There are 2 protein chains.
Amino acid sequence: MREVARRANVSVATVSRALRSPGQVSSATIQKVRSAAEDLGYVYNVTASDILKGRSTVVGLVVPTSSSTLFGETIHGVQDVTAETGFSVIQGATRYDAVTEEALIDSLLERHVHALILTGMTYANEDRIRRLARDGWTRVVVVWEKPGSDPGISYVGIDNRSAAERMTEHLIALGHRRIGLIVGPYSRQARVRHRLEGYRDALEKAGIAFDPDIVMERRPDLLEGREAMDSLMGMEVRPTAVFAASDLLAIGALKAARLRGLSVPGDVSIAGFDDMNFGAYQDPPITTVRVEAYRIGQLAGQIAVEPIGTPERSYCLDCDLVIRSSTGPIKTTP
Amino acid sequence: MREVARRANVSVATVSRALRSPGQVSSATIQKVRSAAEDLGYVYNVTASDILKGRSTVVGLVVPTSSSTLFGETIHGVQDVTAETGFSVIQGATRYDAVTEEALIDSLLERHVHALILTGMTYANEDRIRRLARDGWTRVVVVWEKPGSDPGISYVGIDNRSAAERMTEHLIALGHRRIGLIVGPYSRQARVRHRLEGYRDALEKAGIAFDPDIVMERRPDLLEGREAMDSLMGMEVRPTAVFAASDLLAIGALKAARLRGLSVPGDVSIAGFDDMNFGAYQDPPITTVRVEAYRIGQLAGQIAVEPIGTPERSYCLDCDLVIRSSTGPIKTTP
DNA sequence: CTGTTAGCGCTTTCAT
DNA sequence: ATGAAAGCGCTAACAG
């Protein structure tokens with residue numbers, strides 16, 4: 001910038017003004033400055049400006065994994081909104097690991113991010129985040145989970161418990177009473193735990209005993225879904241329906257059923273969660289819970305870029321069941 | 001930091017040293033400083049340090065879309081490597097749009113990123129990038145494409161042309177002579193154009209005339225694949241095999257075939273590209289080209305974090321055909 | 001309209 | 001081992 005000033009025969013302050021607030025400068029000077037900048041290949045430095053203004057125009061985004069079409073939509077939502085307002089997004093993946101998550105959050109904080117958007121926060125780091133939020137150090141948005149009540153923490157998510165309950169009810173309504181569940185590691189994530197609770201709620205209402213043997217706790221990916229389903233289908237009294245609390249798990253489960261020569265939904269019904277784009281392209285198309293992932297990202301982004309000190313704000317989005325062909329009535333033994 | 005200094009009764013310089021280069025400070029002082037920092041909830045500011053040192057510890061990563069399991073793997077690779085070396089990744093998606101890409105690159109440059117990792121650079125922005133790279137302004141890594149020869153630009157990718165040629169040869173070897181192609185927008189992306197060229201190479205070698213009518217140029221997603229396949233299958237003389245230059249397109253195509261009651265590979269063979277994790281979970285599992293997306297990301301990350309001025313370095317990874325069940329011999333009309 | 005000056009949070013000489 | 005002071009690239013307040 002000093003170089004530019006010298007070349008244009010003006011002070012650095014004028015350069016700054018010419019480039020950033022052209023209203024205060026004569027158009028002749030603006031031209032001079034612009035062309036000097038052009039000649040020198042000058043590129044403005046937002047970072048320096050941030051430092052001086054004691055602010056930050058970066059938001060940190062923490063996701064479990066970057067390679068999911070689902071979180072991907074949320075990421076898009078966040079990026080679109082933040083880009084409009086001149087913010088950049090530093091993104092990192094935890095791989096469902098608390099230690100990685102902590103390291104990630106640390107590095108984000110050291111960059112003094114304006115906001116932290118957290119997907120699937122593990123219990124391990126909750127206290128720390130709460131303290132940060134309470135002190136107004138950064139804005140904190142927790143995403144994908146039903147609103148809680150922590151001062152300074154905003155939530156954008158869905159009611160996982162209710163959605164899981166409704167899907168389980170759907171299966172019960174089809175006549176199923178032995179319903180397997182494949183679910184993420186619920187001991188660590190609220191989101192997942194709530195899905196388990198919803199499942200149990202529905203069973204209880206229908207007077208079906210909860211059987212821990214047919215609940216599989218797995219990392220949400222294709223292979224784990226397949227393996228879990230295989231165990232389930234290998235049981236002496238096997239479930240007639242399986243609720244996979246993620247479409248990834250459901251697609252894996254579908255594969256396992258196919259390999260065992262079981263027809264879906266003839267022999268066993270399979271339901272998923274999330275409505276990932278692939279779900280409708282499976283054979284049969286998968287019954288699932290629609291989640292507006294992009295919208296969640298947008299809202300999270302909007303909240304994130306608000307000035308520090310703006311009160312927390314929470315949204316709980318509705319999510320509908322999408323009944324496709326992977327679930328059907330229980331087979332009546334002839 | 002000044003606060004910490006005051007509370008610990010030392011100068012800011014000492015605080016800086018105590019926290020960042022403990023070797024130069026007495027352990028008593030370190031303790032004092034540490035506890036003062038703790039009490040005040042002090043968090044180090046990397047950004048300020050970057051400014052002062054005239055460097056940047058951020059790399060910019062540009063991808064076509066964030067919601068792809070494939071680019072997701074590349075992102076993971078980059079993140080894992082950069083995290084180890086204290087870099088953060090600012091990531092943005094172009095959505096296959098040149099204008100968005102340009103805006104994104106601008107914002108990255110204004111943050112004075114240490115390096116720019118570009119996936120699927122469009123022609124529109126090539127000149128600009130080349131100039132940047134030549135001037136040593138940032139490190140530039142172009143990813144997913146076969147190495148070219150531009151001073152200052154590193155490449156990490158695959159030989160798209162050769163891979164596409166081999167897949168087409170595979171189909172030809174199965175007896176197919178009328179082979180449809182569904183491919184991304186090749187007018188704008190080198191990666192995609194090379195796949196088209198590979199396809200043509202193979203046809204030519206086999207003495208098959210190139211027929212532009214059975215080449216569909218589509219955005220790589222499920223729906224477009226489905227629609228393109230539907231057009232192809234609606235033709236009077238329809239192709240007996242279709243090469244979809246992305247697994248996303250292939251899965252969409254599979255759906256279209258299924259809806260038309262065509263058996264795969266009985267009535268029509270379908271091949272994909274990329275080896276996305278979903279491919280093996282389709283029915284039938286999809287024949288495809290394996291691409292080591294994570295490895296590509298790692299290499300790109302390694303090159304990116306090297307000091308400015310380090311010579312460019314390029315890698316062209318091998319990629320094997322993965323023959324699954326979606327391709328088979330041509331049906332001999334009885 | 002434009003220049004001068006001070007200073008953001010940090011690190012690095014250079015003294016002490 | 002510690003402190004004082006200068007300075008990274010930028011902007012805001014104050015003069016002129």
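Throughout, protein chains are lettered first and strands after them, A, B, ... in sequence-line order, and every chain is numbered starting at 1. Predicted model only: the values in this text are computed from it and were never measured.
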> Below 4.0 angstrom from OP1 or OP2 of C:dC8, is there any side-chain N or O of B:R2?
yes
> Which of these nucleotides, D:dT11, D:dT2, C:dT11, is closest to any side-chain atom of B:L52?
C:dT11
> Let me know, please, whether B:V46 or A:V25 comes out on the 5' side of the other along DNA chain C by nearest nucleotide.
A:V25
> Nearest nucleotide by nearest heavy atom, which residue falls closer to the 5' end of DNA chain D, B:T14 or A:R20?
B:T14
> Does a sphere of radius 6.0 Å around CD in B:E3 hold more than 12 heavy atoms from other residues, nucleotides or ligands, not counting ones at 6.0 Å or beyond?
no
> Show your reasoning for whether side-chain hydrogen bond (donor to acceptor under 3.5 Å, both in side chains) applies to B:Q298 and B:H76.
CA-CA 8 Å; B:Q298 282 185 311; B:H76 275 150; over 6 Å; no
> Can you tell me if B:S26 touches the phosphate of D:dA1, counting only side-chain N or O atoms and a distance under 4.0 Å to OP1 or OP2?
no
> Is B:S49 touching bases, backbone alone, or none of the nucleic acid, heavy atoms closer than 4.0 Å?
sugar-phosphate
> Tell me the interatomic distance from B:M1, atom CE, to D:dA4, atom P, rounded to whole angstroms.
14 Å
> Please check if atom NZ in A:K146 has more than 12 non-hydrogen atoms from other residues, nucleotides or ligands closer than 6.0 Å.
no
> Can you tell which of C:dC10, C:dT2, D:dA4 lies closest to the side chain of B:A13?
D:dA4
> Return the nearest nucleotide to the side chain of A:S11; candidates are C:dT11, C:dG3, D:dC8.
C:dG3
> Any side-chain N or O of B:T29 less than 4.0 Å from the OP1 or OP2 oxygen of D:dT2?
yes
> Looking at side-chain heavy atoms only, is the closest gap between B:L104 and B:T94 below 4.5 Å?
yes
> Closest to the A:K53 side chain: D:dA12, D:dG3, C:dC8?
D:dA12
> Between P on C:dT12 and CZ on B:R17, what's the gap in Å once rounded to a whole number?
10 Å
> Nearest whole Å is fine: how far is C:dT12 C1' from B:I51 CD1?
16 Å
> Could you state the atom-to-atom distance from NE2 of B:H112 to C1' of D:dC10 in whole Å?
11 Å
> What is the distance, rounded to the nearest whole Å, between atom CZ of B:R6 and atom C1' of D:dT2?
18 Å
> Cation over ring, B:R219 on B:Y96, under 6.0 Å and within 45°?
no
> Could you state the CD1-C1' distance from B:I30 to D:dA1, rounded to the nearest angstrom?
11 Å
> What integer distance in Å separates B:N45:CG from C:dC8:P?
13 Å
> I need the CD-P distance between A:Q31 and C:dC1, as an integer number of Å.
15 Å
> Nearest to the side chain of A:A48, heavy atoms from C-beta on, is which of D:dT2, C:dT11, D:dC10?
D:dC10
